[in-house]
There are 2 protein chains.
Amino acid sequence: MSVTIKDVAKAAGVAASTVSRVIADNPRISQKTKEKVLQVMKEMDFYPNAIARSLANRSTKTIGVIMPHSSEQVFVNPFFTEVMRGIGMSAMKRGYNVLFSTGSDIEEEYRSTSKLVNEQRVDGLILLTSRIKDKTIDELIKKKFPFVVVGKHPKLENINWVDNNNQEAGYTATEHLIKQGHKSIGFIGGEFTYVFMGERFKGYKKALDSFSIEFSKEFLALEEFLEEGGYRAMKKLLSNKKRPTAVVVADDLMAFGVMRAIKEEGLRIPQDISVVGFNDTPLASYVDPPLTSVEIFVFDLGYNASEVLINQLEQEDDQKKHIIVPTRLKIRKSSITVRRQKKL
Amino acid sequence: MSVTIKDVAKAAGVAASTVSRVIADNPRISQKTKEKVLQVMKEMDFYPNAIARSLANRSTKTIGVIMPHSSEQVFVNPFFTEVMRGIGMSAMKRGYNVLFSTGSDIEEEYRSTSKLVNEQRVDGLILLTSRIKDKTIDELIKKKFPFVVVGKHPKLENINWVDNNNQEAGYTATEHLIKQGHKSIGFIGGEFTYVFMGERFKGYKKALDSFSIEFSKEFLALEEFLEEGGYRAMKKLLSNKKRPTAVVVADDLMAFGVMRAIKEEGLRIPQDISVVGFNDTPLASYVDPPLTSVEIFVFDLGYNASEVLINQLEQEDDQKKHIIVPTRLKIRKSSITVRRQKKL
DNA sequence: TTGAAAGCGGTACCAT
DNA sequence: ATGGTACCGCTTTCAA
């Protein structure tokens, strides 16, 4: 069908291997032949067939991204979009392609991942989940297949991962509220099967500890990972005899629900109840009042994951890398009760 | 490295071609040999190498998705996530892989697309943009490379596309406001280089026409495709001597900005100014008041795009397909000024 | 520096 | 029904 290396060879009056050397920019070739071959390639509109190269090189120059099934948190926020942008940028820069794969449930997810690996369609994998999915990960470890997880994982030492320091982030968010004078601080989040969830909670508790504030179970509410869940969780906290004066909400979307519940109760934010969210969703700065949130730099998570993986693929460096992407608390009106309000 | 077809052939005491037939589930083979070979395959943990198959078959079983560079609208909403889910589901069902590719600007986008095509890494392409990017599309047409566009395109008849009927959607949204008694209806949107933008506007005008309402340029404001743009656009409309009593906003994110501007002016939604948005972003139902919006079923756009493309790849049916995914107006408080308010 | 030839891991046609 | 073999398009070793 299309022009092959042989066609070019014939037209240029050289052997196929010579053309191949030109493609690979092999130094053991005369400048003259090189130019002639390049010339012919241009004329004939030749491009090397990626599949054939992959077969000969035993390398696909492709990394796979496993996107969790839709019930996962990843789908709600712009997380997926951003992480893909990050992965895409790194991969493109390094000359890699990105193959993406899903499954409608955890079993299908496992099967499609195995397929990519077994059929050798990709050189390495990025797993977009901090959820405990032992089956897939165990299998990859067993097969010594290169991969990196976005999010931390219990087996952390033996695998590559890229993550925020969620515990620190939880600490910072809580500390901020404490410094605003709060002593009754609630925590609202989703299930702890998400590793980052538990981490954020740990940071919250640690901050309370540091300032000698006692943690009360009444101030904890875990619900579904959506606006609605945040709404329900806050309703629950508001029904307590003792209400918190501030809440740390482990996700912006939930925080929006939290704010709705607070307003519905006729309370003001931040005067009656202050709110801090996580992830710094684009909308966080536009809700009323603008929501203080921990920015997690999702693009960087993706970018770094891809870099770690590709480095691993290209060097025979077998050491597992762990990268922590720093977070930043973006302070907005929803949590400011002391001075300096004018500045915002 | 890993087990090949020859290893299996040897172990099973048959020829490689026989093993190949078993893989392809070729009928011209005895049940007995088939079973034995399958048995050996299991034992040896054999999986056919996808790259080798691709080379021999001249088919990658992979479709490429070209994601526009980040400045595009697609990145803002959960659009990208949803469309990828749709594409992924269809592709998986049909046994195809999805390769995704970007570029940080239009030129890089063009180059990376050409690369996928020229190096024959994919069998077909899905373009996620209704923007007028003639260079890429012209090239694909010239090369007769199979592709489908999500979103409509000026050259509509000669290419495959999947889209909503944005004109109809614009009509419906506007008609709804007219039926609520409005006569002064504004239109807020982004640049008309987005085809869907112009279409929504056309629908808006058509609805005004149908009800003999004159269109006034004063009621039109085009701004950047973000919350901030919506805010600015609404501020502009509010500064008119004659203010609209309702606005059609061509995107939810912009609509959020519009709502902010209205509230800031001390006006009420929907009593003073009603608002209708587009895309039905997850957050639309949670803002205050809940935003009426046109649901566009992004998952279906992606799913159908993939189906159209794969159908085209598998049959030699060269006829161009155009699929219209229906929209639905989700009426919420932001636009209801007559009766039945209690129901919401 | 260049060419010939043997792979890479399958597929498919031609025999038998 | 099965085996032998010539590709698919490129890479790489070995010789010259």
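Chain letters run A, B, ... following the sequence lines, proteins first and then strands; every chain starts at 1.
- In the interface, the side chain of A:Arg21 is paired with the base of C:dG3 through a donor and an acceptor atom under 3.5 Å apart.
- Interatomic distance, A:Asp7 CG to A:Met44 CE, rounded to the nearest 0.5 Å: 5.0 Å.
- Looking at B:Lys321 and B:Glu307, no side-chain N of the basic residue comes within less than 4.0 Å of a carboxylate O on the acidic one, giving no salt bridge.
- Under the 4.0 Å criterion applied to side-chain N and carboxylate O atoms, A:Glu139 and A:Lys135 are not assigned as salt-bridge partners.
- Within a 6.0 Å radius of NZ in B:Lys93, other residues, nucleotides and ligands contribute more than 12 heavy atoms.
- Judged purely by distance below 3.5 Å, without hydrogens or angles, the side chains of B:Ser30 and B:Thr33 pair a donor atom with an acceptor atom.
- Nearer the 5' end of DNA chain D, as judged by each residue's closest nucleotide, is the contact made by A:Ile23, out of A:Ile23 and A:Arg28.
- A donor-acceptor contact under 3.5 Å links the side chain of B:Ser17 to the base of D:dG4.
- Atoms CG and NE2, from B:Asn160 and B:His322 in turn, are 6.5 Å apart once rounded to the nearest 0.5 Å.
- The interatomic distance linking B:Asn26 (CG) with D:dA1 (P) rounds to 9 Å, in whole Å.
- Only A:Thr33, A:Leu55, A:Ala56, listed by number, bring a heavy atom of residues 33-56 of chain A to less than 4.0 angstrom from any atom of DNA chain C.
- Using a 4.0 Å heavy-atom criterion, one finds that A:Ser20 contacts the bases of the nucleic acid, with or without backbone contacts as well.
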